Amino acid sequence: IGRRSLLVSIALLFFLLSLPTPLSGAIAPQESAPSIVPALNESLLPALNQVGSALSHIQIDHWKLSREWKGQLQSDANSIQQDLTTQLPALFQAAQQSPAALEPQLNVMHNVNALYDVLVRISTAANLDGGKTDAATLDNAIQQLELARKTTASQLLEAASQRDQQIAGFQASILAAQKADASTNDGTKTIVVNNRVSH
């Protein structure tokens, strides 16, 4: 690789490494990759708050289930509540600190998806043996959470796609610079003898 091509490659590499990485924190409009934090805050947080409210209002001990099933479902509900008050706040904070980074945002989504699966299990039991009021409360919470998950997942995919396009563009620029340098180098050698240049 010629000197000019090498310098261009190094400059592009430093520029690439200086780009912000996956998701959290204060939103920085100047960042080249879209921030997912708005989707987390505007969609997921309200939906998760509704889930917490729904779980605090249902009465699993009144459902027409065996004691063992009631105990299991109550344990599931308690686990979700604990997740909402301990694990998820820390994950959201990490995402807030890196609003253009994908990894913290994906960590949030992984946790929310696991929470969603447990919530569906509780809701299914409520619809079968829990009474109309509790079933409706949980169904509404699940619908809101499902919509929020879809919104956030869509933005995550968009961010990942744009990041891939950025990297591909940088790689293409480096390759073009290398080819341009190679085309100007015709293989001739310059020799200096007694202050006179000959080829």
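Since the model is a prediction, treat every value here as computed from it, not as a measurement. Worth knowing before you read on, the calculation uses all heavy atoms, side chains too, and leaves out hydrogens, waters and symmetry mates.
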Not counting sequence neighbours, which residues clear side-chain hydrogen bond (donor to acceptor under 3.5 Å, both in side chains) with N140? List them please. none
Residue pairs fulfilling salt bridge (Lys or Arg N to Asp or Glu O under 4.0 Å) with at least one residue in residues 106-119, sequence neighbours excluded: none
Any non-hydrogen side-chain atom of L138 less than 4.5 Å from a side-chain atom of V51? no
Is a side-chain N or O of T137 found less than 3.5 angstrom from the main chain of T133, in a donor-acceptor match? yes
CD of Q82: more than 12 outside heavy atoms within 6.0 angstrom? no
L91 side, atom CG; T86 side, atom OG1 - distance, nearest 0.5 Å: 9.5 Å
Quick one: side-chain contact (heavy atoms from CB on, under 4.5 Å) partners of D129, sequence neighbours excluded? K64, L65
With sequence neighbours excluded, give me every side chain to side chain donor-acceptor pair (under 3.5 Å) pair touching residues 46-60. Q59-H62
Find the distance between CG (L84) and CG (L45) and round it off to the nearest 0.5 Å. 10.5 Å
Does L115 belong to the same Ile/Leu/Val/Met/Phe/Trp/Tyr cluster as L147, with side-chain heavy atoms less than 4.5 Å apart forming each link? no
Cluster overlap I60 with L128, hydrophobic side-chain contacts below 4.5 Å: no
Can you tell me how far apart CG (L44) and OG1 (T152) are? Round to the nearest 0.5 Å. 3.5 Å
Does a side-chain heavy-atom distance below 4.5 Å link L145 with V112? yes
Measuring only between side-chain heavy atoms, which start at C-beta, is E146 closer than 4.5 Å to R149? yes
S66 side, atom OG; Q72 side, atom CD - distance, nearest 0.5 Å: 10.5 Å
For residues 118-127, run the donor-acceptor check on the side chains, cut-off 3.5 Å, and write out each pair with its distance to 0.1 Å, sequence neighbours left out.
from	atom 1	to	atom 2	distance (Å)
R121	NE	D76	OD2	3.3
R121	NH2	D76	OD2	3.4
S123	OG	N127	ND2	3.4
S123	OG	D139	OD1	2.9
T124	OG1	V120	O	2.8
N127	ND2	S123	O	2.8
N127	ND2	D139	OD1	3.1

Hydrophobic cluster identity match, I58 and W69, side-chain contacts under 4.5 Å: yes
T85: what forms a side-chain contact (heavy atoms from CB on, under 4.5 Å) with it, not counting sequence neighbours? none
Nearest-0.5 Å distance, CD of residue Q74 to CZ of residue R67: 14.5 Å
